[in-house]
Protein chains: 2
Amino acid sequence: MSIALQDYESCPVTAVLRRIGDKWSPAVIRLLAERGYGFNELDRAIEGISRRVLTRTLRALEEDGFVRRTPLGGRVEYALTERGRSLREQLYALGRWAAVTADRMH
Amino acid sequence: MSIALQDYESCPVTAVLRRIGDKWSPAVIRLLAERGYGFNELDRAIEGISRRVLTRTLRALEEDGFVRRTPLGGRVEYALTERGRSLREQLYALGRWAAVTADRMH
DNA sequence: CTGTATCCTAGCGGATACTG
DNA sequence: CAGTATCCGCTAGGATACAG
């Protein structure tokens, strides 16, 4: 069996890993799982992220249907969609596995 | 609640996502789940990867304890460790989820 | 408050020739 | 067969000033 070129991008698990495997997406998803957040609120909550990257991260998550952006007169609220909450469940399961087997992970 | 700097790297799920969220790790894991492979054999099976990147991918997976490298007189065999098979199970679950909800994933 | 514009750096991924 | 050496482009990520 061999893996063709088009398989690599079309493989669902690879696609989702590449999307949320960046530096900040997991942190954003984790926060939005609690409640809705404003932009600067997120910026302050996630220590170390730059506004430029936060913007890009949110846009990408929005484009994939994980996050919904709602303008509310002068401010904006970001929240998880149903699909986003579904993803969050998957990541939670993966997190439990990772925590248990983290001994050889440095 | 806020996310401190050190949390980002120490979070198990983020760590594992960053490790296997690269371009080729999922493909390598998928192949090695079947059976042991030699280096050039992997290179041929994964269409589009360069030897340089394949080497780095294998080294990283080995360092994290997902893959075992076994020299066998003139050739080398790469195979999943127990931990690697465990990860493969997790990815398989994530893949099923992704396949089902792939409608808004492009 | 919610971003965008600009500029910069480091690292990933790729092509290819070479080595034991 | 199993890699390493070299070079190169692209993009992710970061700092910071500016804008509506």
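These numbers come from a predicted model, not from an experiment.
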Under the rule for side chain to side chain donor-acceptor pair (under 3.5 Å), what residues qualify as partners of [X], not counting sequence neighbours?
| X | result |
| --- | --- |
| B:D22 | B:S25 |
| B:E89 | none |
| A:R85 | A:E82 |
| B:S50 | none |

Quiz item: Would a distance-only check, ignoring hydrogens and angles, find a side-chain to backbone donor-acceptor pair under 3.5 Å from B:T81 to B:G65?
Solution: yes
Quiz item: Under 3.5 Å, side chain of A:R83 to main-chain N/O of B:T101, donor-acceptor pair present?
Solution: yes
Exercise. Take the protein atom CZ of A:F39 and the nucleotide atom P of C:dC1, then report the distance between them rounded to whole Å.
Key: 10 Å
Self-check item: d(OH, A:Y78; P, C:dT2) in whole Å
Solution: 8 Å
Quiz prompt | Bend angle of the helix from C:dC1-D:dG20 to C:dG20-D:dC1, end axes from five pairs each (to 10°) | solution = 40°
Self-check item: Beyond-backbone contact of B:I29 with B:V67, side-chain heavy atoms, under 4.5 angstrom
Solution: no
Quiz item: Would you say the side chain of B:V16 lies within less than 4.5 Å of the side chain of A:L94, judging by non-hydrogen atoms?
Solution: yes
Self-check item: DNA chain D: 5'-most and 3'-most nucleotides touching chain B, 4.0 angstrom heavy-atom criterion
Solution: D:dC1 to D:dG13
Self-check item: Any A:Y37 side-chain N or O less than 4.0 Å from OP1/OP2 of C:dC1
Solution: no
Exercise. State plainly whether the residues B:E41 and B:R35 are in salt-bridge range, i.e. N to O under 4.0 Å.
Key: yes
Quiz item: Taking it one step at a time, do B:Y37 and B:L31 satisfy side-chain contact (heavy atoms from CB on, under 4.5 Å)?
Solution: CA-CA 8 Å; B:Y37 272 80; B:L31 281 173; 3.6 Å; yes
Who passes side-chain contact (heavy atoms from CB on, under 4.5 Å) against [X], sequence neighbours left out?
| X | value |
| --- | --- |
| A:R59 | A:T55, A:E62, A:R69, A:Y78 |
| A:A79 | none |
| B:A33 | B:L80, B:R88 |

Self-check item: Residue-level proximity of residues 67-77 of chain B to DNA chain C when a heavy atom falls under 4.0 Å
Solution: none
Quiz item: With the sugar-phosphate defined as primed atoms, P, OP1 and OP2, and the base as all remaining atoms, what B/S/- string results for nucleotides 7-20 of chain C, 5' to 3', for protein heavy atoms under 4.0 Å?
Solution: -----SBBB-BB--
